[in-house]
Amino acid sequence: MRVRFAPSPTGRLHVGNARTALFNWLLARGQGGALILRIEDTDVERSTRESEEGILRDLRWLGLTWDEGPDVGGARGPYRQSERLHLYQSYAAELLAAGRAYYCFCTMTQLDAERQAAVVEGRPALYAGTCRRLSSEQAHARIAGGERPAVRFRVPDDHDIVFRDLVRGDVRFHADVIGDPVILRGDRTPAYNFAVVIDDALMAVTHVVRGEDHISNTPRQIVMYEALGFTPPAFAHLAMVLGPDHSPLSKRHGATSVAEFRARGYLPEALLNYLALLGWSPGADQELLPIDELARRFLIERVGHSAGVFDEEKLAWVNRHYLKMAEPARIAELSVPYFQSEGFEMAPDAHGLEFLASAMVIATSSVDRLAQIPARLRQLFHYDAEQALADPRVLDEMQAEAPQRVVRALATALATASRLDRERFRSVAQEIKAQTGLKGKQLFHPIRVALTGTAEGPELDLLVPAIDRGAELPASAGLPRVEGCSERAAAFVRALGRR
RNA sequence: GUCCCCAUCGUCCAGAGGCCUAGGACGUGGCCCUUUCAAGGCCAAAACGCGGGUUCGAAUCCCGCUGGGGACGCCA
């Protein structure tokens, strides 16, 4: 089995295309087949190397590996259409010689007018066949006269073209609804339908898995396979990915590209697992499975027929799962750019990363995406007693006598205590409880406010030890300075006294 | 306009003629856990588009309608 993913490098990798790539990958990996990456860059106007590199980068980030492609090579390259122009031209010449293709001198204006007229008259909007009957003498004379004709494929008329779609079953088109497609443009570059056929045939692709938008191209391609003496591959057309309003997923729905989802802090394994669930099911009651297991279970015949709405809420849920599963060290490293873009100045060394990793569970247990980690851990690196008391709600709470007693007891206890770990923090809390007679929220909320400067945040049991571990960190760790709990408590009491 | 594809909770899936009083997940609501916010646990509400057939029996098969989507480029 040989499958392929064939993006055109005209922009970012869209999640819909990523899903097509994934399904190809699942099919190839599940069956021990090969995946080919081919760059469809025959549109020189829109294709860019930047886009190509971006697409490759996004695919690699997702972990979708390929066996042949422009970067890794392979026996049936080159893998960029722009480097295969001679092949298309030589097959076109062959079709021309066999009378299966002909030169077309129609102008764009003429073609547009014909199309419009056809729609108005209720006829299918197809090529009228004006140049079909031109003799080769006439054609060559016009070429000699300086005209640059396109080449059209002569679709045999009056017969049915049927193909068995692996996901949809038999699909039937009548040849009369297919106009003669252009295979070579006036500038001798190939048109999509032709290049695809030549490439898939020459690259020995056995299964073409692509978007549903190509379903009506399939009959044109099949007649070309036949004219060229190639055996058509099996086809499988995947339903579209839609936005919440059931229109194709686009910018106005928010993020659409893999790069954007990466930037928002989704993990590749989460995006992949989510995408696999969109149009397919790995089995009743099971959704969250490692990619290899998905590949093992994947059956192209079991892919759904109808379009699917992309649901970022569900993606977020999948991501939470993988965030919890992931190695803290990995997440710590991935989180650094997010801290930086939130204004935290850091360039952690190994110790810094180790500390960050040790604190990471505080964030990963309660956050959707990497981008939310800095906000969740802000209280670790940022403390300002004055600023805390500037918050009317905090000030209001501290107006009462009981919380003040808690805070003062806390400052006193911490003044002599060594750095807090979980147990020492608990015993300090017990001490204050005994001293003040307060418990529960009455006890812990003032502690939280004094130590974090905020009324809400992660569990103190986790946060407090992390703060005091951070306070021990040398400057060389490359993290913002962490003010320890005893300093925080003392500062808070001083600030309170000034009020 | 012509051709093609599609149709189960708001969303994603399960359902391959009787296992369906239609199952799971996300989201939503409630409850629980809890020192706060989250996270987590439990419970609940929520769907077979409509009309005809076929069959003893249809969410499942057939036809039509309606609705959605795609294609009709010298874009891919």
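This one's a predicted model, so the numbers in the text were calculated from it and none came from an experiment. Here is how names work: the chains are called A, B, and so on, in the same order as the sequence lines, proteins then strands, and each is numbered from 1.
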C1' spacing across the pair B:A7 / B:C65, given as an integer number of angstrom: 13 Å
Roughly, in whole Å, what's the span from CZ in A:Arg115 to C1' in B:C3? 16 Å
Could you state the interatomic distance from CG (A:Asp391) to CG (A:Asp396), rounded to the nearest 0.5 Å? 10.0 Å
What integer number of Å spans the C1' atoms of B:C48 and B:G30? 28 Å
Do any side-chain nitrogens or oxygens of A:Arg185 fall under 4.0 Å of OP1 or OP2 in B:C75? yes
Stacking between A:Trp317 and the base of B:C26 (centre distance under 5.5 Å, interplanar angle under 30°)? no
Please confirm whether any donor atom in the side chain of A:Arg448 sits under 3.5 Å from an acceptor in the base of B:U36, or the reverse. yes
Please give the distance between the P atoms of B:G49 and B:G68 as a whole number of Å. 16 Å
With A:Arg210 as partner, the option from A:Leu238, A:Asn17, A:Val196, A:Asn24 fulfilling side chain to side chain contact (heavy atoms under 4.5 Å, CB included) is A:Val196
Winner on side-chain proximity to A:Ser306, out of B:C74, B:U8, B:A76, is B:U8
In whole angstrom, give the distance that lies between atom CG of A:Asp43 and atom C1' of B:C74. 11 Å
Side-chain contact check for A:Glu212: nearest option of B:C5, B:U35, B:G70 is B:C5
If B:A14 has a Watson-Crick or G-U wobble mate with both distances under 3.5 Å, name it; if not, just say none. none
What are the two closest non-hydrogen atoms of A:Arg132 and A:Val155, and how far apart are they? NH2-O, 2.7 Å
Does the base of B:C6 carry an N or O that pairs as donor and acceptor with the side chain of A:Arg168 under 3.5 Å? no
Take atom CG of A:Leu242 and atom P of B:C6, then tell me their distance rounded to the nearest Å. 15 Å
Work out how far the C1' atom of B:U8 is from that of B:A58, and round it to whole angstrom. 14 Å
Does the side chain of A:Arg152 get closer than 4.0 angstrom to OP1 or OP2 of B:G73 through an N or O atom? no
B:A76 phosphate, OP1 or OP2, under 4.0 Å from A:Thr42 side-chain N/O: yes
5′-ward residue of the pair A:Val182/A:Gly308 relative to RNA chain B: A:Gly308
Among B:U35, B:A16, B:C3, the one nearest A:Arg302 by side-chain distance: B:A16
Base of B:A39 paired with side chain of A:Lys324 (donor-acceptor, under 3.5 Å): no
Distance in angstrom units between A:Phe153 CZ and B:G73 P, rounded: 17 Å
Checking A:Glu456 against A:Arg448 for the salt bridge (Lys or Arg N to Asp or Glu O under 4.0 Å) test, could you report, in this order, the C-alpha distance in whole Å, the side-chain angles of both residues, the deciding distance, and whether it holds? CA-CA 8 Å; A:Glu456 59 190 41; A:Arg448 168 178 298 284; over 6 Å; no
In whole Å, what is the span from the CD1 atom of A:Ile215 to the P atom of B:C72? 13 Å
Rounded distance in Å between the P positions of B:C63 and B:C20: 29 Å
Can you measure A:Leu288 atom CG to B:G24 atom C1' for me and round it to whole angstrom units? 13 Å
On the nucleotide B:C4, are OP1 or OP2 found under 4.0 Å from the side-chain N or O atoms that A:Arg172 carries? no
Can you confirm whether A:Tyr322 sits close enough to A:Tyr266 that some side-chain heavy atom of one is under 4.5 Å from a side-chain heavy atom of the other? no
Nearest to the side chain of A:His445 - B:C3, B:U36, B:A76? B:U36
Going through the checks in order, is the side-chain contact (heavy atoms from CB on, under 4.5 Å) test met by A:Val309 and A:Asp245? CA-CA 8 Å; A:Val309 173; A:Asp245 63 353; over 6 Å; no
Presence of A:His305 side-chain N/O under 4.0 Å of B:C6 phosphate oxygens OP1/OP2: yes
Could you tell me whether the side chain of A:Arg320 has a donor or acceptor atom within less than 3.5 Å of a complementary atom in the base of B:A38? no
